[in-house]
Undergrad: 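Before anything else, here's the structure in question.
These numbers come from the heavy atoms of this one structure, side chains and all, not from hydrogens, waters or symmetry mates. Everything numeric in this text was worked out from a predicted model, so none of it was measured.
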Amino acid sequence: MAERYFKNEMPDYIPETSTTLTTATTTGNTLLTLLSMDYNALASLMERQALDIKETVVVETWGRSGQNVVDFTLYVGDLGTAFLLFKSYKVTNNIHDLTLCHEIVKACDHASSHSRDVTFICGRAGVCALGAVVAKHMGNEQLLNYYLTQFKQINLPKDLPDELLYGRAGFLWACLFINKHVGDGTIPPMIMRSVITDIIEDGRRMPNKGKWPLMFQWYGEKCWGAAHGLAGIMHVLMETDLKPDEREDVKNTLLSMIQNRFPSGNYPASGEDSRRDLLVHWCHGAPGVALTLIKAYEVLGDKVFLEAAAEAAEVVWRRGLLKRVGICHGISGNTYVFLSLYRVTRNPSYLYRAKAFASFLLDNAHKLIAAGEMHGGDNPYSLFEGIGGMAYLFLDMKEPTSARFPAYEL
């Protein structure tokens, strides 16, 4: 188990001072110096680092390819670069970021035109949704209408799974993203209601699900995580207008997850994996489930969900300094657990923990990757596996109460 993560030897709390990085030369411990810095000064430092990483990501994913899209997806493809550029634009108001974002989305639009994948993270819906939002920010009504028309022409196969990365929940999230950033009702409620109904009916008809009100399968496994299982599906459903009986099923499904977690506070990857307390990732394990439990507290109002999320966060603090950098299964993604808890509680200890994980990355990521002690990702510049996700996190540290896990938290 220990091989999956670095031992967290950071103090539980360090008071902020006016300390700057110049004192690192005398202390010899740059990480402790970062942890003691004034938050705003540290956030500015992270923003500068993020903008440098962004330029590297653009060169490596867009420039070196000759602006030829090989993988259009948000997950590890060029749409992830566009999403990072859009984030940078929102933080800095740099119009060049928005313009380049538009150009990359345009290329992804062409590359994805015949794709059968329909989700935000891994499919055509992500291209059209981000394209529409970018067009809105550009004030280009014609382009906005084009992307919305393309989005509404996406057909969902009858055999589509229900999970987030490739299934109905991932398409539904794209609908929600458009309605939030373009305008409520842009994607009509009847379209979303049809998808919600299909998800709920699938979850209710799962054979041998026992006491679980809702259960789903991904390649034959009853997955629990954010990427392919219960946590991700429940998270998206809670962003929608559910009927009372549907809300109750979602609530009781989440309560069943809490009741059947590991004694450590971590969560199994699947029902078939109930003895292997190993994974502490967004995609599988406590981090992704914690984000869903926080959403449950916000939507359903029951403190049991906040308490369970806090317990999951303890797992992340102890075992979440993964030997990977990315959003999906790395330190960058795990940091969002603390940011989300800070958003709903305003407890400064959670902001400190977010600061600690982000500072660990700022101080160590590049040298650990270079030394082979940290995995830079199979796609090292991508949003979900590589340093693109780290740059996104650093930009989110600027306004921690507005931070959202990309393509998961709205």
Undergrad: For the aromatic rings, using the six-membered ring if either is Trp, is the centroid distance between F177 and F120 under 6.0 Å?
TA: yes

Undergrad: Among all residues two or more places apart in sequence or in another chain, which pass the salt bridge (charged side-chain N to carboxylate O under 4.0 Å, His left out) test with R193?
TA: E246

Undergrad: Are any side-chain N or O atoms of E385 and backbone N or O atoms of G326, one a donor and one an acceptor, separated by less than 3.5 Å?
TA: no

Undergrad: Below 4.0 angstrom, N of the basic side chain to O of the carboxylate: do K295 and E239 qualify?
TA: yes

Undergrad: For D249, check salt bridge (charged side-chain N to carboxylate O under 4.0 Å, His left out) against everything at least two apart and list the hits.
TA: R204

Undergrad: So does E399 pair up with R404, basic N to acidic O under 4.0 Å?
TA: no

Undergrad: Donor-acceptor pair, distance only, cut-off 3.5 Å: does the side chain of R48 make one with the backbone of A43?
TA: no

Undergrad: Please determine whether ring-ring contact (aromatic ring centres under 6.0 Å, His included) holds for the pair W173 and Y408, giving the CA-CA distance in whole Å, both sets of side-chain angles, and the decisive distance to 0.1 Å.
TA: CA-CA 8 Å; W173 199 93; Y408 195 61; 8.3 Å; no

Undergrad: Would you list the pairs meeting side-chain hydrogen bond (donor to acceptor under 3.5 Å, both in side chains) in which at least one residue belongs to residues 76-96, sequence neighbours left out?
TA: T61-T81, K87-D396, S88-D97

Undergrad: Any ring pair (Phe, Tyr, Trp, His ring centres under 6.0 Å) pairs touching residues 287-324, not counting sequence neighbours?
TA: W317-F357

Undergrad: Begin with the C-alpha distance, continue with both residues' side-chain angles, and end with the deciding distance and a verdict on ring-ring contact (aromatic ring centres under 6.0 Å, His included) for Y342 and Y352.
TA: CA-CA 9 Å; Y342 176 67; Y352 167 78; over 10 Å; no

Undergrad: List for me each residue that meets salt bridge (charged side-chain N to carboxylate O under 4.0 Å, His left out) alongside R247, sequence neighbours excluded, and say none if there are none.
TA: none

Undergrad: How would you list all residue pairs meeting side-chain hydrogen bond (donor to acceptor under 3.5 Å, both in side chains) that involve residues 250-263, not counting sequence neighbours?
TA: R261-E311

Undergrad: Any side-chain heavy atom of Y336 sitting closer than 4.5 Å to one from P287?
TA: no

Undergrad: Can you tell me how the ring of F405 sits relative to the ring of F384, calling it parallel under 30°, perpendicular over 60° and tilted otherwise?
TA: perpendicular

Undergrad: With F360, which residues qualify under ring-ring contact (aromatic ring centres under 6.0 Å, His included), at least two apart?
TA: F6

Undergrad: Which residues satisfy the ring-ring contact (aromatic ring centres under 6.0 Å, His included) test with F86, sequence neighbours excluded?
TA: H137

Undergrad: Does anything in residues 44-71 pair up under ring pair (Phe, Tyr, Trp, His ring centres under 6.0 Å), and if so which pairs, sequence neighbours excluded?
TA: none

Undergrad: Excluding sequence neighbours, so at least two apart, what forms ring-ring contact (aromatic ring centres under 6.0 Å, His included) with F394?
TA: none

Undergrad: State whether R64 and E60 are salt-bridged, where the test is any N-O pair (Lys NZ or Arg NE/NH1/NH2 against Asp/Glu carboxylate O) under 4.0 Å.
TA: yes

Undergrad: Just to verify, what does E314 make a salt bridge (charged side-chain N to carboxylate O under 4.0 Å, His left out) with, not counting sequence neighbours?
TA: R353

Undergrad: Take atom CG of N68 as the centre, draw a 6.0 Å sphere, and report whether it contains more than 12 heavy atoms from other residues, nucleotides or ligands.
TA: yes

Undergrad: Who pairs with F151 by ring-ring contact (aromatic ring centres under 6.0 Å, His included), at least two apart in sequence or on another chain?
TA: F171

Undergrad: Evaluate the salt bridge (charged side-chain N to carboxylate O under 4.0 Å, His left out) criterion for residues E16 and K355: first the C-alpha distance (whole Å), next the side-chain angles of each, then the deciding distance (0.1 Å), finally the verdict.
TA: CA-CA 11 Å; E16 291 184 1; K355 175 183 174 181; 3.3 Å; yes

